[in-house]
Amino acid sequence: MEVIGGKWKVLILWALHEHPYRRFGELRRLLPGITEKVLASHLRELEADGVVHRVAYDEVPPRVEYSLTEDGVRLNEALQPLAAWGRERPTARRLEEKADQGLV
């Protein structure tokens, strides 16, 4: 849980799963609301935990790309049931509320 703790880490993992090999600015655009400071910090932590891979290219201007490692891909796969639960939950809650109101 320590690896995915916080508001943004799971969203960063999802973004890298959906859009592999992204630069910092591209990731920031994929995650509206995240600050540069938080994104940089979380990427460093995810890299240290072995779930994100960072490649710095020796070019001018400098280019850095982020992608998931094998562990990162496996972590995303492990999180899929949780995502499914989250998608189903609002529907289940609305049905419960309607039942409580006698509308179903």
Side-chain angles (χ1 to χ4, degrees):
M1 295 307 293
E2 188 176 301
V3 173
I4 59 170
K7 176 180 177 179
W8 295 103
K9 285 186 180 180
V10 172
L11 296 173
I12 293 168
L13 292 172
W14 171 84
L16 285 171
H17 173 76
E18 293 290 315
H19 308 279
Y21 305 102
R22 292 294 157 179
R23 296 172 74 172
F24 184 88
E26 293 171 323
L27 280 174
R28 185 148 183 248
R29 283 189 291 280
L30 290 170
L31 301 164
I34 194 168
T35 65
E36 286 187 25
K37 180 180 177 181
V38 169
L39 179 57
S41 171
H42 283 344
L43 285 169
R44 278 192 301 273
E45 291 170 12
L46 290 167
E47 183 183 7
D49 289 330
V51 295
V52 168
H53 182 66
R54 179 183 185 271
V55 177
Y57 295 92
D58 190 21
E59 300 175 350
V60 176
R63 178 171 57 115
V64 176
E65 287 183 346
Y66 296 91
S67 61
L68 294 178
T69 63
E70 285 185 35
D71 278 348
V73 170
R74 288 189 8 245
L75 177 56
N76 261 350
E77 290 170 356
L79 292 171
Q80 285 178 357
L82 183 60
W85 177 83
R87 285 189 298 272
E88 294 167 2
R89 183 139 172 82
T91 302
R93 290 185 86 187
R94 282 194 297 272
L95 289 175
E96 288 174 10
E97 290 170 2
K98 286 182 181 180
D100 289 344
Q101 297 170 0
L103 300 175
V104 177

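Side-chain atoms are counted along with the backbone in the values below, which use heavy atoms only and exclude waters and symmetry mates.
- In this structure, Trp8 is not a member of the same hydrophobic cluster as Trp14, with clusters built from ILVMFWY side-chain heavy atoms closer than 4.5 Å.
- Between Ile12 and Ile34 the shortest side-chain heavy-atom distance falls below 4.5 Å.
- Atom CZ in Arg54 sits 10.5 Å away from atom CZ in Phe24 (nearest 0.5 Å).
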Please tabulate, for the side chains in residues 35-45, all donor-acceptor contacts under 3.5 angstrom to protein atoms that are two or more places apart in sequence or on a different chain.
| unit_1 | atom_1 | unit_2 | atom_2 | d |
| --- | --- | --- | --- | --- |
| Thr35 | OG1 | Val38 | N | 3.1 |
| Glu36 | OE2 | Arg28 | NH1 | 3.2 |
| Ser41 | OG | Glu45 | OE2 | 3.3 |
| Glu45 | OE1 | Lys9 | NZ | 2.7 |

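- Between Gly50 and Thr69 the shortest heavy-atom distance is O-OG1, 2.6 Å.
- By the criterion of side-chain heavy atoms lying less than 4.5 angstrom apart, applied directly or through intervening Ile, Leu, Val, Met, Phe, Trp or Tyr residues, Tyr21 is not grouped with Leu75; the two fall into different hydrophobic clusters.
- Hydrophobic cluster membership is shared by Trp85 and Ile4, with clusters built from Ile, Leu, Val, Met, Phe, Trp and Tyr side chains linked at under 4.5 angstrom.
- Atom CD of Glu2 has 12 or fewer neighbouring heavy atoms from other residues, nucleotides or ligands inside a 6.0 Å radius.
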Practice problem: Take Tyr66 and Leu16 through the side-chain contact (heavy atoms from CB on, under 4.5 Å) test and state the conclusion after the steps. | Solution: CA-CA 8 Å; Tyr66 296 91; Leu16 285 171; 4.1 Å; yes

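- A distance of 9.5 Å separates CZ of Arg29 from CZ of Arg23, quoted to the nearest 0.5 Å.
- With respect to Val73, the side-chain contact (heavy atoms from CB on, under 4.5 Å) criterion is satisfied by exactly one of Val51, Leu68, Leu13: Leu68.
- Nearest heavy atoms, His17 versus Asn76: CB-ND2, 3.0 Å.
- Within 6.0 Å of CD in Glu18 there are more than 12 heavy atoms belonging to other residues, nucleotides or ligands.
- For the atom pair Leu30 CG and Arg22 CZ, the distance stands at 6.5 Å (nearest 0.5 Å).
- Hydrophobic clustering (ILVMFWY, side-chain heavy atoms < 4.5 Å, transitive): Val64 and Leu27 are in one cluster.
- Two different hydrophobic clusters hold Val60 and Tyr57 under the rule that ILVMFWY side chains link at heavy-atom gaps under 4.5 Å.
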